[in-house]
Number of protein chains: 2
Amino acid sequence: MLDVRRLHLLRELDRRGTIAAVAEALTFTASAVSQQLGVLEREAGVPLLERSGRRVILTPAGRSLVAHADAVLNRLEQAAAELAGARDGIGGPLRIGTFPSGGHTIVPAALAELARRHPALEPTVREIESARVSDGLRAGELDVALVHDYDFVPATPDTTVDEVPLLEEPMYLVSPAGGEAMSAGEAEALRTGGAEALRTGGAEALRTGEAAAKSGSGDTLAALLGPCAEVPWITARDGTTGHAMAVRACQAAGFQPRIRHQVNDFRTVLALVAAGQGAGFVPEMAAVPSPAGVMLTKLPLFRRSKVAFRAGGGAHPAIAAFVAAATTAVDVMAGSGGRVRNPA
Amino acid sequence: MLDVRRLHLLRELDRRGTIAAVAEALTFTASAVSQQLGVLEREAGVPLLERSGRRVILTPAGRSLVAHADAVLNRLEQAAAELAGARDGIGGPLRIGTFPSGGHTIVPAALAELARRHPALEPTVREIESARVSDGLRAGELDVALVHDYDFVPATPDTTVDEVPLLEEPMYLVSPAGGEAMSAGEAEALRTGGAEALRTGGAEALRTGEAAAKSGSGDTLAALLGPCAEVPWITARDGTTGHAMAVRACQAAGFQPRIRHQVNDFRTVLALVAAGQGAGFVPEMAAVPSPAGVMLTKLPLFRRSKVAFRAGGGAHPAIAAFVAAATTAVDVMAGSGGRVRNPA
DNA sequence: ATCAAGCATAAGTTCAGCTTAGGTGTGAAG
DNA sequence: CTTCACACCTAAGCTGAACTTATGCTTGAT
């Protein structure tokens, strides 16, 4: 019988690219991983890896074996979740990952709700970029995470992670409050009306580039972003999905953004724009309460927040409890402020 | 992560009933099995077994964990089969199990075909009752097996075994050639006409007891078996599906058979009937060439032969080769004799 | 050329998982 | 009721699979 631990190593190798990375993630030495993969290969009777430069890559047989490994490990996760559900009481540590802006919006509310309903749970929050969440979950460093993706930055399908949608919110262009400045009241009116686009499923059609042309209010992305084509831009840090979203949105609007500042914190983006340093993007959640000194323009461009966890783990009581708490938190925020909305 | 080897033990315990039987099947000591199951239970955090008299039975949590174990082990079998397919060439040992009458009908033809197409394969044949095939396959004593079931004896669904249908043949009543005796020619004519019932899917409707009333030719089971109600019967040995089929068929015809002889070999059944010892049942395959001294009556009652193998193993090249060879063998027999038929 | 990254192999070490041995509770048979 | 065999569990010791450490090779960047 194929050894599942070895299949696990093979899967991690497929995901992380090098034996050294696998070893580090699973706190082994590279030697141990190399040996075990060697045994797996011998047992399989088929070459699973081949050297490529100074690393190894999977052969087609190896990749197909990884697909089986995914299925097996997912099912084991499911079994473990079910067992956890059979144990009475929800408690123990729960390691939560979150993208930075989630840390001061959804997470605190969700934690409060979680503590109210399951006092025995010991949640631990760690900030983490969405791109690294999958690795963190698989390595067992995280149990659950808040992640997001943007239009123009398609989330790569990942069979090792399951996701529950939490929130879909429009992005805003933040530009210096200058000539055609918009008052806070005007911005609020725009926001309220814009909720309609969300409900009619317009966001779904906007995920691809060309679809951005048909904006609900008749304003195309090009028309909305165009005035800022020559302005310096403030985007999220290089390598993040927020950065990629900003660049591609501007490209879709027909220009290449001149990026001057790179900061991930949306409050800093707002402050920089207010200081006349350029234009940027913020999600609706960061746009309310309406900050002073900047102009906000709702864009036909959405950010989707989700709860992610190891594939098969959805039935785990602590995971389910967190999903419920996060959903409640989002619903409460949506109900009180009228500014965000649960897509479910 | 749950240890798959331990899940395997749990599954075997569910199937075999005692730790001692599991140990024997997997060539461990009972102590080892007990210890490993103890570890599994501790890791699960939920009682999985409880003592019941001097044996142990699974708790609901244990049984639900077995379902996951089945899924995981099936998938691993699939992975192994795929790897075997990636290794070039079909060869090595192939342990084949067969029900007794298959041993001198389908198996020899299938082996010849197999040897022609895959000379490197080393098949080993072992006779085994269909009821024990599942255990044999799971224990790794068998790779593939010919099995059968009868109308009136529903096959218990088994998630650990996959099956490919091979042959569906009518059963015949064998009665002493006496008063209303039927010549060999007459019997042949009956057989030829009866093939129609097979094609029209009548057999499917006949699997349950009450369905036996609507026979294709207008002859009900009761009408066909009735004349032999008072005759002694020759059935398969107690505890076999053949025995159960005989008893239930007679019960469905409205009488309790008086069983005098119990033999599994259909040629012996024919010989005993010819010797005036009573009546019996034989499948079509044993009814041709038409034996002398007995009367044959085709019944609206079918036997289905299948190839069985470990769930997920269908893609294994040697298994697939055997299935193909057995199918070919059956087709050839059906074509030449016109007496059996592949349901596919 | 030099150096670090990455993988593989050799050798030593450790602990999980096995066997053996012995004890307990259960159910059947005398 | 006693006896005995069966099934399971626990304790103790042993063995080998799987890990670490140490070392060398190849590759690609500086």
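Per chain, numbering begins at 1; letters A, B, ... match sequence-line order.
Using a 4.0 Å heavy-atom criterion, one finds that A:V39 contacts no nucleic acid atom at all. Within 4.0 Å (heavy atoms only), B:T18 reaches sugar-phosphate atoms of the nucleic acid but no base atom.
Side-chain atoms of A:R54 come within donor-acceptor range of the base of C:dA5, with a qualifying N/O pair under 3.5 Å. Taking only distance into account, the side chain of B:S31 meets the base of C:dT20 through a donor-acceptor pair shorter than 3.5 Å. No N or O donor and acceptor, one from the side chain of B:S34 and one from the base of D:dT10, sit under 3.5 Å apart.
Whole-Å rounding puts the A:R16 CZ to C:dG6 P distance at 14 Å. Rounded to whole Å, the distance from CD on B:Q35 to C1' on D:dA7 is 15 Å. Atom CZ of A:R51 is separated from atom P of C:dG6 by 11 Å (rounded to the nearest Å). Atom CG of B:L37 and atom C1' of C:dA16 are 16 Å apart (whole Å). Rounded to whole Å, the distance from CZ on B:F28 to P on D:dG16 is 15 Å. Here C:dT26 presents its C1' atom at 15 Å from CD1 of B:I57, a figure rounded to the nearest Å. Rounded to whole angstrom, the span from the CD atom of A:E50 across to the P atom of D:dT27 amounts to 14 Å. Note: CG (A:D3) to P (D:dC19) measures 9 Å, nearest angstrom.
Looking at which nucleotide of DNA chain D each of A:Q36 and A:S52 is closest to, the 5′-most match is held by A:Q36. Nearer to the 5' terminus of DNA chain D, by closest-nucleotide assignment, is the contact made by B:G17 (compared with the other of B:G17 and A:L9). Nearest-nucleotide positions on DNA chain C place A:A20 closer to the 5' end than the other of A:A20 and B:R6.
Heavy atoms only, all atoms of each residue included: A:R310 and A:L137 are closest at NH1-O, 2.6 Å.
Taking side-chain N and O atoms only, A:R55 has no distance below 4.0 Å to OP1 or OP2 of C:dA8.
A donor-acceptor contact closer than 3.5 angstrom is absent between the side chains of A:H68 and B:Q78. Between the side chains of A:T59 and A:R63, no donor N or O sits under 3.5 Å from an acceptor N or O. A donor atom on one side chain and an acceptor atom on the other are not found under 3.5 Å apart for B:E127 and B:T98. A donor-acceptor contact closer than 3.5 angstrom is absent between the side chains of B:T240 and B:E129.
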